[in-house]
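For the numbers below, each heavy atom of this structure counts, side chains included, while hydrogens, waters and symmetry mates do not.
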Amino acid sequence: MPLKRGLSASRNNRGPAGGSRLPITLALFFFLFLVALMFSVGPWLRTGAPIDEASLLSGSINQDLDWRERLALQHVRSLFTKDVIDVITANTADLGPFSLDAFRRSNLSASWKLVGAEASADHLSSSELKPKQSATIVKQEVPTKKDTKLSDDQAPFVESPEKFARRQLREKRREKRAAELMRQGDETTIKFENAAIERSKSVDSAVLGKYNIWRKEIETENVDSTVRLIRDQMIMARVYISIAKMKNKPGLQQELQTRLKESQRVVGDATADSELHQSAPEKIKAMGQVLSKSREQLYDCKIVTGKLRAMLQTADEQVRSLKKQSTFLSQLAAKTVPNGIHCLSMRLTIDYYLLPLEKRKFPHSENLENPSLYHYALFSDNVLAASVVVNSTIVNAKDPSKHVFHLVTDKLNFGAMNMWFLLNPPGKATIHVENVDEFKWLNSSYCPVLRQLESAAMKEYYFKANHPTSLSSGASNLKYRNPKYLSMLNHLRFYLPEVYPKLNKILFLDDDIVVQKDLTGLWAVDLDGKVNGAVETCGESFHRFDKYLNFSNPHIARNFDPNACGWAYGMNIFDLEEWKRKDITGIYHKWQNMNEDRVLWKLGTLPPGLITFYGLTHPLEKSWHVLGLGYNPSVDKGEIDRAAVVHYNGNMKPWLELAMTKYRPYWTKYIKYDHPYLRKCRLSE
């Protein structure tokens with residue numbers, strides 16, 4: 001047998017002394033052969049099965065080789081140089097199938113193939129174990145399948161093709177998952193980088209002051225650091241003055257007061273270090289010395305903490321008071337008339353009363369009571385604002401001759417309003433101006449609001465400065481204590497059928513709106529038996545009834561839904577026939593009488609309007625009326641451009657300096673600033 005031949009060959013190479021005389025290269029080869037032989041018989045050794053020469057040389061060994069063993073044996077040739085391989089070839093030429101040539105012919109396959117391709121094909125996949133040469137290396141009798149078959153208990157561990165395929169599939173899945181995780185990691189990194197870039201764009205680098213704390217040449221110090229230091233010293237000086245007085249330290253108290261006055265004179269109204277007096281460093285040093293001395297003699301953590309807390313509370317109260325005063329002043333500024341508009345009103349009034357009586361009349365007076373025309377109600381004491389409403393409506397009307405404007409103002413502005421529209425008639429449209437003070441039927445015996453405005457409680461609410469609910473005290477809801485609520489022009493909207501008894505429908509407009517499209521389509525809107533057509537203003541949780549009404553009052557809680565949607569005054573189409581049938585004015589009077597002490601709602605016309613027209617308001621499309629140009633800087637420009645009417649509701653009216661510049665052009669384009677009266681009063685864009 002080949003194994004015996006190899007052993008006998010090894011014996012023939014021994015010397016007389018019995019020592020080993022094999023070349024080193026031959027010893028290396030036998031070492032590798034023994035390692036490979038151990039790998040081959042490993043499965044039998046683990047199972048305890050007997051090993052014979054036939055089974056060793058049979059193809060079944062190839063079947064039992066692990067894939068790692070096959071892979072290792074394929075790289076045996078890479079362990080030797082060409083010279084070593086030549087020496088091994090020369091010394092092992094007589095080993096037969098175990099010679100290097102035999103290994104070369106079998107391409108050093110993973111299984112040390114000792115049989116032909118036919119034996120290997122019975123057990124392994126041809127793609128994995130098929131040798132490049134199919135010639136038989138050793139001719140011998142191969143045991144039959146029956147002879148080599150082992151029992152189930154003695155069967156060696158064999159990786160079947162199915163297991164091999166599953167293992168490859170698992171490896172592919174692992175590789176795919178690893179690639180996916182790497183891709184996700186890259187995407188996450190890119191996402192974080194983009195987010196960081198966006199955040200950096202939102203940072204105003206101009207106000208950071210410092211760009212790199214390690215580069216002193218570009219470091220910008222705080223421009224008010226010295227001012228703040230002096231103010232901090234003054235705070236601590238006040239604390240120690242109080243403690244010194246409490247602990248009877250008059251000398252230290254006097255010294256602290258002296259240094260405090262010096263610091264107050266130095267800092268003054270300065271807001272930046274450059275505004276400080278040149279003696280500031282000396283005063284800071286002197287104050288620091290006396291504060292150090294005070295700390296040694298007076299410092300008590302508990303007392304100092306209490307004093308600082310008391311000062312903080314006092315400062316907080318002062319801030320709240322200043323906020324209320326600021327709110328009052330902003331409300332006052334919003335409701336005052338600018339000098340230019342006041343000048344315009346005065347000049348127009350003088351010129352009007354200089355006109356002969358026959359020249360004070362408007363044309364087309366026959367249209368005033370024609371129900372087939374389009375009638376508008378406009379109540380205002382602002383000449384310029386009223387002119388914009390009329391002019392913008394006429395410019396965008398398809399047929400101006402069918403439009404009739406009913407203007408009502410007070411006696412102070414009656415002459416100015418008449419004179420302006422006599423000088424600037426609205427084309428073919430009809431216009432008529434009336435004085436609210438001439439409505440004799442509108443008196444305190446009929447109108448609850450007039451009666452309440454004449455009451456002592458209301459006068460005290462508005463005019464008594466020392467009253468706890470007066471404006472000067474900064475009470476809440478200052479916006480409801482606006483002088484406009486004293487004018488009947490604001491409440492006249494609840495008496496439309498009495499003012500215009502022969503009309504069927506009328507469109508009510510506020511004087512702080514601009515018309516951008518033809519409005520005649522509103523007269524064709526079917527109100528479905530309702531009285532008021534208006535655009536709703538409620539969102540998910542705002543501008544609902546509970547914002548305007550006091551639902552803690554049982555009268556309000558029983559009759560109204562707190563989540564009912566609010567709507568806006570400013571552009572409302574009223575069906576006056578339905579108004580009369582449902583006695584809307586009577587409903588208004590009922591609730592106004594119940595609110596004499598202002599327990600149902602604060603002053604204003606929207607809360608009583610919501611109550612009076614509750615269940616009687618038909619919602620219009622939002623594009624008819626877009627609000628917020630007087631307080632909301634983020635109104636969508638597309639909505640403004642598509643709107644039929646834009647409304648400057650809020651304090652930032654377009655004729656005031658408070659107006660938002662980006663919304664003002666919608667209003668100013670309907671004013672001719674080259675008009676002689678406007679130039680004389682220095683009114684400009």
**Request:** Write out all pairs satisfying ring pair (Phe, Tyr, Trp, His ring centres under 6.0 Å) with one or both partners inside residues 379-408, taking only residues at least two apart or from two chains.
**Result:**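 As it turns out, the ring pair (Phe, Tyr, Trp, His ring centres under 6.0 Å) pairs with a partner in residues 379-408, which skip direct neighbours, are Tyr374-His403, His375-His406, Tyr376-His403, Tyr376-Phe405, Phe379-Phe508, His406-Tyr500.
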
Verify the neighbour count for atom [atom1] of [X]: are there more than 12 heavy atoms of other residues, nucleotides or ligands below 6.0 Å?
| X | atom1 | value |
| --- | --- | --- |
| Glu536 | CD | yes |
| Lys411 | NZ | no |
| Lys428 | NZ | no |
| Lys622 | NZ | yes |
| Arg558 | CZ | yes |
| Asp437 | CG | yes |
| Lys530 | NZ | yes |

Would you say the side chain of [Y] lies within less than 4.5 Å of the side chain of [X], judging by non-hydrogen atoms?
| X | Y | value |
| --- | --- | --- |
| Pro448 | Glu596 | no |
| Glu366 | Asn370 | no |
| Tyr648 | Ile513 | no |
| Leu620 | Val525 | yes |
| Gln516 | Tyr666 | yes |

**Val645 vs Trp624, side-chain contact (heavy atoms from CB on, under 4.5 Å): CA-CA, chis, key distance, verdict** = CA-CA 6 Å; Val645 171; Trp624 280 111; over 6 Å; no

**Message:** Which label fits Tyr614 and Phe560: parallel for a plane angle under 30°, tilted from 30 to 60°, or perpendicular past 60°?
**Reply:**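 Rings of Tyr614 and Phe560: perpendicular, as their planes differ by over 60°.
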
**Asked** According to the side chain to side chain donor-acceptor pair (under 3.5 Å) rule, which pairs have a member within residues 415-424, sequence neighbours left out?
**Response**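 Qualifying pairs: Asn424-His675.
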
**Message:** Under the rule for side chain to side chain contact (heavy atoms under 4.5 Å, CB included), what residues qualify as partners of Thr617, not counting sequence neighbours?
**Reply:**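 If we apply the side chain to side chain contact (heavy atoms under 4.5 Å, CB included) test to Thr617, skipping adjacent residues, the hits are Asn532, Ala534, Trp567, Phe613.
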
**Message:** Less than 6.0 angstrom from the centroid, inside 45 degrees of the normal: does Arg679 satisfy that with respect to the ring of Tyr673?
**Reply:**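 No, cation not above the ring by the 6.0 Å, 45° rule.
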
**Request:** For the pair His647 and Tyr569, evaluate ring-ring contact (aromatic ring centres under 6.0 Å, His included) and give the outcome as yes or no after the intermediate values.
**Result:** CA-CA 10 Å; His647 194 168; Tyr569 269 126; 9.9 Å; no

Shortest non-hydrogen contact from [X] to [Y]?
| X | Y | value |
| --- | --- | --- |
| Phe551 | Pro562 | CZ-CA, 3.3 Å |
| Ala568 | Leu627 | CB-CD2, 3.4 Å |
| Tyr670 | Val515 | OH-O, 3.6 Å |
| Asn572 | Gly570 | OD1-N, 3.2 Å |
| Leu509 | Met571 | CD2-CG, 3.8 Å |
| Gly533 | Leu527 | CA-CD2, 3.9 Å |

**Criterion salt bridge (Lys or Arg N to Asp or Glu O under 4.0 Å) on Arg493 and Asp510, from CA distance to verdict** = CA-CA 10 Å; Arg493 65 192 68 191; Asp510 270 343; 3.7 Å; yes

**Message:** Before you tell me yes or no, could you show the steps for Asp512 and Lys653 under salt bridge (Lys or Arg N to Asp or Glu O under 4.0 Å), namely the whole-Å CA-CA distance, both residues' side-chain angles and the distance that decides it to 0.1 Å?
**Reply:** CA-CA 7 Å; Asp512 55 352; Lys653 302 300 183 186; 2.5 Å; yes

**Request:** Output the distance between atom CD1 (Ile506) and atom CZ (Phe574), rounded to the nearest 0.5 Å.
**Result:**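 Result: 9.5 Å between the selected atoms.
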
Side-chain donor-acceptor contact under 3.5 Å, [X] with [Y]:
| X | Y | result |
| --- | --- | --- |
| Asn443 | Ser445 | yes |
| Trp579 | Thr585 | yes |
| Ser345 | Asn413 | yes |

**Salt bridge present between Arg347 and Asp351 (N-O < 4.0 angstrom)** =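 Salt bridge between Arg347 and Asp351, a charged N being under 4.0 Å from a carboxylate O: no.
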
**Sequence neighbours excluded - salt bridge (charged side-chain N to carboxylate O under 4.0 Å, His left out) pairs with any residue from residues 633-647** =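 For residues 633-647: Lys637-Asp641.
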
**Message:** Taking disulfide (SG to SG under 2.5 Å) as the cut-off, I'd like each qualifying pair that reaches into residues 336-377, sequence neighbours left out, listed once.
**Reply:**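 Listed by first then second residue: Cys343-Cys681.
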
**Request:** Taking salt bridge (charged side-chain N to carboxylate O under 4.0 Å, His left out) as the test, write out the residues that go with Lys672, two or more places apart.
**Result:**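 Once residues adjacent in sequence are excluded, Lys672 has no partner under the salt bridge (charged side-chain N to carboxylate O under 4.0 Å, His left out) criterion.
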
**Asked** Where the side chain of Asn595 meets the backbone of Trp591, is there a donor-acceptor pair that is under 3.5 Å apart?
**Response**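 Looks like no, no N/O pair under 3.5 Å.
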
